[in-house]
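Just so we're on the same page: letters track the sequence lines, and every chain starts at 1. Remember, predicted model here, so these are calculated numbers, not experimental data.
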Amino acid sequence: MSDSTKKRTLDAFFRPPPKKARVSDNNDLKIGDSSTIDKDQSIETELKSLPSTIGRAINDQADLDLLYFEPYIPKYLEREVFQFLRKELFFYRVEYKIKRGGIETDIRTPRYTTVFGVDETSRFDETGEVVDASTGRKVEKDKNYSKYPPRPIPKCLDDLRSSTEAATGCKFNFCLVNYYASGSDSISYHSDDERFLGSLPAIASFSLGAKRDFLMKHKPVAPNDNAPPPAETKPIKLPLASGDMILMRGRTQANWLHSIPKRTGKNAEDGGRINITFRRAMVKGGTENYYNYNVGSGPVYKWDETRREMRLWKS
DNA sequence: TCATCTCCAGATGT
DNA sequence: GACATCTGGAGATG
């Protein structure tokens, strides 16, 4: 492979390529046995025409409001986007120590993470500098931005963000990316109900790569003598496939928990899954929080195509 | 400064 | 193997 597209940057991914770089001489862009159409031209066109299906509402339980696109990114594009993102993004694996019964244990957060974006009080100017959203003046030395300078959302992810805004009517300024390398990577039950997202936050969650189960259950409800007992709710299991998108909105985050549980046995080595979430942080504290917990100060990892695993990145 | 709450990975139980 | 529940240190909160 010696063509120019091999050197394409993350930002250039969905940009129209030079006219002469065609799929027929570009191994990177060949996808299985798909048709002979010019992928380079169609990628941008297709991205603008996403989603490829209409969303199905799942709102038949208390406090639950989901919109499920199966898929959002079409079959012929999904693999290519997965491989491209895994290859190009730098990932982090947040590490910390805890003491258990007096014994210090190293915890490696069981997934690779990264994050882009800045909260609603700021934006990026043309050069990528953080400026005040209303005055346009450069934001300097804010404690919330000093530890981890906010980074603009890369072009291809930002195009997906725009598409998602158009499809959902929601606004997003943050993009979190997780990579679950195998069935032993996971995330425990939690809600994305951080205060800095405001009340009733909408979060769009994309799946690429391996199919993984997405579990949801209602938060426990404290008994209340003055109120009638809450309606029964039943847990949900969605086997999220590559290209799928699930929008969680309304009272969902305030009342439901979700997780990606570990998987063993024949499902353990699944080839890896990328999760992209778009959110909207309202205040500067949200920016600091997201960079702190998704970038951190630990080592940097990058996908090694030869070894087919994440490797420590040495600059 | 202290008490309480929340978070979440890992251990344990079914 | 799947998954619910328990545990407990750390950081946030008031």
Side-chain angles (χ1 to χ4, degrees), chain A residues 61 63-64 91-115 119 142-148 174 176-201 203 205 207 210-224 230 232-241 248 251-273 275 277 279 281-299 301 310:
Chain A
Q61 298 201 59
D63 311 313
L64 185 69
F91 284 94
Y92 307 85
R93 192 141 179 152
V94 174
E95 298 174 9
Y96 56 96
K97 292 180 194 297
I98 62 163
K99 266 195 206 165
R100 270 184 181 283
I103 301 163
E104 195 159 77
T105 317
D106 292 313
I107 303 290
R108 299 177 77 226
T109 302
R111 59 196 167 276
Y112 296 89
T113 56
T114 190
V115 64
D119 65 87
D142 188 291
K143 69 171 170 57
N144 288 294
Y145 299 162
S146 57
K147 194 173 177 190
Y148 304 106
F174 259 95
L176 277 64
V177 185
N178 294 314
Y179 178 64
Y180 299 84
S182 72
S184 59
D185 278 352
S186 64
I187 190 163
S188 301
Y189 269 115
H190 69 286
S191 300
D192 298 311
D193 57 354
E194 299 97 333
R195 255 195 291 273
F196 52 77
L197 297 178
S199 63
L200 312 181
I203 294 170
S205 175
S207 289
K211 184 178 283 187
R212 289 287 294 265
D213 288 334
F214 181 74
L215 308 187
M216 296 189 73
K217 65 179 180 185
H218 199 283
K219 290 182 184 178
V221 181
N224 184 340
E232 283 273 308
T233 55
K234 57 175 194 288
I236 297 168
K237 175 155 80 177
L238 299 174
L240 299 182
M248 296 177 273
R251 295 162 50 82
T252 306
Q253 297 301 338
N255 296 281
W256 286 73
L257 300 163
H258 55 270
S259 77
I260 300 285
K262 295 187 193 304
R263 285 293 177 252
T264 54
K266 63 175 167 42
N267 297 316
E269 291 308 315
D270 59 14
R273 168 181 183 262
N275 170 240
T277 59
R279 309 142 186 253
M282 308 305 292
V283 297
K284 288 188 168 70
T287 297
E288 176 169 37
N289 178 290
Y290 276 148
Y291 282 94
N292 198 21
Y293 291 109
N294 295 282
V295 174
S297 49
Y301 295 85
M310 286 290 172

For the residue pair A/Asp119 / A/Thr287, report whether a side-chain donor-acceptor contact shorter than 3.5 Å exists.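 Yes.
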
Rounded to whole Å, how long is the line connecting atom [atom1] of [X] with atom [atom2] of [N]?
X: A/Met216; N: C/dA2; atom1: CE; atom2: C1'; answer: 19 Å
X: A/Ile260; N: B/dG10; atom1: CD1; atom2: C1'; answer: 18 Å
X: A/Glu288; N: C/dA12; atom1: CD; atom2: C1'; answer: 13 Å
X: A/Asp185; N: B/dG10; atom1: CG; atom2: C1'; answer: 14 Å
X: A/Glu194; N: C/dG11; atom1: CD; atom2: C1'; answer: 15 Å
X: A/Tyr96; N: C/dA12; atom1: OH; atom2: P; answer: 14 Å
X: A/Ile236; N: C/dA4; atom1: CD1; atom2: P; answer: 13 Å
X: A/Arg93; N: B/dA9; atom1: CZ; atom2: P; answer: 11 Å

Ignoring the backbone of A/Asn267, work out which of B/dA9, C/dA2, C/dC3 is nearest its side chain.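 Nearest listed nucleotide: C/dA2.
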
Check the phosphate of [N] against [X], side-chain N and O only, distance under 4.0 Å to OP1 or OP2. Yes or no?
X: A/Arg195; N: C/dT13; value: yes
X: A/Lys262; N: B/dA9; value: no
X: A/Thr264; N: C/dA2; value: yes
X: A/Tyr189; N: C/dC3; value: no
X: A/Asn289; N: C/dA12; value: no
X: A/Arg111; N: B/dA9; value: yes

So what does [X] hit on the nucleic acid, given a heavy-atom distance under 4.0 Å: a base, only sugar-phosphate, or nothing?
X: A/Asp213; answer: nothing
X: A/Ser188; answer: base
X: A/Lys266; answer: nothing

Please verify the inter-ring angle class for A/His218 with A/Trp256; under 30° counts as parallel, over 60° as perpendicular, anything in between as tilted.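 Taking A/Trp256 first and then A/His218, their aromatic rings stand perpendicular (interplane angle over 60°).
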
If you look at every heavy atom in A/Asp192 and A/Leu197, which pair is closest and at what distance?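 Taking every non-hydrogen atom into account, O-CD1, 3.6 Å.
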
Looking at A/Arg273 and A/Asp185, is any side-chain nitrogen of the basic one under 4.0 Å from a carboxylate oxygen of the acidic one? no

Judged by atom type as modelled, is there a donor-acceptor pair below 3.5 Å linking the side chain of A/Asn289 to the main-chain atoms of A/Gly285?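 No: the side chain of A/Asn289 does not pair with the backbone of A/Gly285.
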
Between A/Arg263 and A/Tyr293, whichever has its closest DNA chain C nucleotide further toward 5' is A/Arg263

Please tell me which of A/Asn292 and A/Leu215 maps to the more 5' nucleotide of DNA chain C, matching each residue to the nucleotide holding its nearest heavy atom.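 In this pair, the answer is A/Leu215.
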
